[in-house]
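Whatever order the structure lists them in is the order used to number ligands and atoms, beginning at 1.
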Amino acid sequence: MLEHRVQPAIRGLRAYDPGHDLVALRRAAHSPLIELGSNENPYGPSPKAREAVQGCLGELALYPDPRGGDLKRALSQQHGVATAQIVLGNGSHELLMQLAQVFAGPGAGVVASQFGFAVYSIAAAAVGAVFEAAPALPMDHAMAGGHDLDAIAAVVDAGTHLVYLANPNNPTGTWFGADELEHFLTRIPADTIVAIDEAYAEFVDAPEWASSIPLVASHPNLIVLRTFSKAHGLAGMRVGYGIAQPELIDWLERIRESFNVNLLGLAAAEASLGDPQHLAEGVRRNKVERERLADALRSRGVFVFPSQTNFLLVRFGDGASRIDDALRERGVVLRPMGGYGLPDCLRITVGTAEQNAKLLAALDAVQ
Ligand SMILES: *Cc1c(COP(=O)(O)O)cnc(C)c1O
């Protein structure tokens, strides 16, 4: 009845599908679920972040700082950029959507890679932009399924308003090197916005990888996105940020909802930046467990994609969906990949040693 009043771009969208109903699964489970479907941090946030949240409980009646000044100053120190170069988001998801709202629009071109993060095509569709996915690197490439920056550059033309790249990428776990990106940027029009999504940056130790943040100084069209949801273990707090030159930030600020990052989120994120030891320890444990889990899976004959993140993309073949269901019956929740065009794969968050051992035992029982 209301359809004719709905914006044309919105009519074709479908509401976010959260996959499994985790709340219902948790209620029905006899023992704690092994939740390895959402790339959450199994070690949790810094104790300093918890304390900061508790310290806010007396201020819940007050609006938070609409500028997020304290958090921006902490981020500015951390990354060596001015506070005017930082925009805060209710998770980086919000910023990904805002980029399309500001810089794309009906008929504008938005480009990403095949097997890129699902939010990119949704952000484009929501504003009526034309989304195009460049083919990923072939499956027999060392960086199977990863971003092919040459293929992406070939798809970009003067009508491309926005390019989304994830480095490392979700759901593949793959990455590209700093040199590759610099070369890519020379091939992109100076007024095409390039958003580099570094949600998993803290986990990376590959020597050829480097953050794109230093490139912001020489590229007014570049924005680098980070989040507190993954390595900082604050997914429930919903805090992300973008770093770009002040002009790009200024445009995003115009549509930002005044209090988009809440009181608890601002405090938790700032406190988390003050505990680099906790962050480093989580990253260290993730690396050890990621390598152990990848080896254990490979020894079971499945293909594991290269990963610099806190998850592994694994090709189980035709049985993937059956294995996913059977594991869930045993209380192990993974992420099916049909929506990404990878129905023979499952994405597995690297858990604690204990969680990973339970996953492997369940896998052996169901295979
Ligand atoms: C998890 C993730 C995000 C971050 O989401 P938040 O909204 O900050 O929780 C962004 N990009 C990618 C590729 C991710 O995997």
Exercise for the section: May I ask you to check whether over 12 heavy atoms, not counting those of Q77, lie within 6.0 Å of atom CD? Expected result: no
Practice task
Taking only Lys NZ, Arg NE, NH1 and NH2, and the carboxylate oxygens of Asp or Glu, determine whether D325 and R328 approach each other closer than 4.0 Å.
Solution key: yes
Check ligand 1 for close polar pairs with the protein: N or O on both sides, less than 3.5 Å.
unit_1   : atom_1 : unit_2 : atom_2 : d
ligand 1 : 7 (O)  : S92    : N      : 3.2
ligand 1 : 7 (O)  : H93    : N      : 3.0
ligand 1 : 7 (O)  : R238   : NH2    : 2.7
ligand 1 : 8 (O)  : S92    : N      : 2.7
ligand 1 : 8 (O)  : S92    : OG     : 3.0
ligand 1 : 8 (O)  : T227   : OG1    : 2.6
ligand 1 : 8 (O)  : S229   : OG     : 3.4
ligand 1 : 9 (O)  : S229   : OG     : 2.6
ligand 1 : 9 (O)  : R238   : NH1    : 2.8
ligand 1 : 9 (O)  : R238   : NH2    : 3.4
ligand 1 : 11 (N) : D197   : OD1    : 3.3
ligand 1 : 11 (N) : D197   : OD2    : 2.6
ligand 1 : 15 (O) : N170   : ND2    : 2.7
ligand 1 : 15 (O) : Y200   : OH     : 2.6
ligand 1 : 15 (O) : K230   : NZ     : 3.1

Practice task
Give a yes or no on whether R315 atom CZ has more than 12 heavy-atom contacts from other residues, nucleotides or ligands under 6.0 Å away.
Solution key: yes
Handout entry: Close side-chain approach of M337 to P171, heavy-atom, < 4.5 Å
Key = yes
Problem - Over 12 non-hydrogen atoms of neighbours within 6.0 angstrom of CZ in R300 - result: yes
Problem - Polar side-chain atom of Y340 near backbone of A118 as donor-acceptor pair, under 3.5 Å - result: yes
